[in-house]
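Report on the structure given below.
Just so it is clear, the values below take in all heavy atoms, side chains as well, and ignore hydrogens, waters and symmetry mates.
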Amino acid sequence: MTPIRTCLLAALLGLTGSAFATPPTASENTPALPAWDQLDATQRDLLVQPVRDRWDASPEARQRMLRHAERWRQMTPEQRDRARQGMKRWEDMSPERRAEARVFYQHMRRLPEAEREALRTRWKTMSAEERQRWLETNRPRD
């Protein structure tokens, strides 16, 4: 989980007091977290502070942060779920697998859509050894 997501989750759990101290049993009703408008200023600030810190610490990343926020806002709930699954998959990857994924992504983004789809289809049928050879052949040269 990213540090910001961890902070937000911790903050939200902290808002509920002891409701999450022990796992609820089937007979207990778990109280719903309040809507944003029901949070007081301190609670809202606690949730927003990690974003504020990132914004202030990285002026060069502000444009990217705004683009990401706008893309997120325009996504459907299903697209957001897929994005969360992708983030989780990325976080669970080893550093070696991340490096391989970067090589593959950098190559894919330069291809026209038809070639991209053909490579995606071919990739699914490749063995681990074939994929490794492809990665070595297509690794960007420094």
In Å and rounded to the nearest 0.5 Å, what is the CG to NE2 distance from L111 to H107?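 Going from the CG atom of L111 to the NE2 atom of H107 covers 4.5 Å.
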Rounded to the nearest 0.5 Å, what separation is found between the CZ atom of R82 and the CE atom of M87? 12.5 Å
Can you establish whether the number of heavy atoms outside [X] located under 6.0 Å from its atom [atom1] is more than 12?
| X | atom1 | value |
| --- | --- | --- |
| R62 | CZ | yes |
| R120 | CZ | yes |
| R131 | CZ | yes |
| R109 | CZ | no |

Do [X] and [Y] come within less than 4.5 Å of each other through their side chains, counting heavy atoms only?
| X | Y | value |
| --- | --- | --- |
| E130 | T125 | no |
| M93 | E100 | no |
| N138 | Q106 | no |
| H68 | M65 | no |
| D81 | T76 | no |
| D37 | R44 | yes |

Exercise: identify the closest heavy-atom pair between [X] and [Y]:
| X | Y | result |
| --- | --- | --- |
| W134 | M126 | CD1-CE, 4.1 Å |
| D92 | K88 | OD2-NZ, 2.8 Å |
| R84 | W72 | NH2-CZ2, 3.5 Å |

Determine the interplanar angle of the F104 and W123 rings, folded into 0 to 90°, and report it as parallel if under 30°, tilted if 30 to 60°, perpendicular if over 60°. tilted
Criterion side-chain contact (heavy atoms from CB on, under 4.5 Å) on L39 and L47, from CA distance to verdict: CA-CA 10 Å; L39 297 175; L47 292 167; 3.7 Å; yes
Lys/Arg N to Asp/Glu carboxylate O, R116 vs E113, below 4.0 Å: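 Result for this pair is yes, salt bridge flagged.
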For the pair R133 and E136, find out whether any cationic side-chain nitrogen is under 4.0 Å from an anionic carboxylate oxygen.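 Salt bridge absent between R133 and E136.
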Is the side chain of R71 donor-acceptor paired with the backbone N or O of L66 at a distance under 3.5 Å, no angle test? no
Please check if any side-chain donor atom of Q49 sits under 3.5 Å from a side-chain acceptor atom of D53, or the reverse. yes
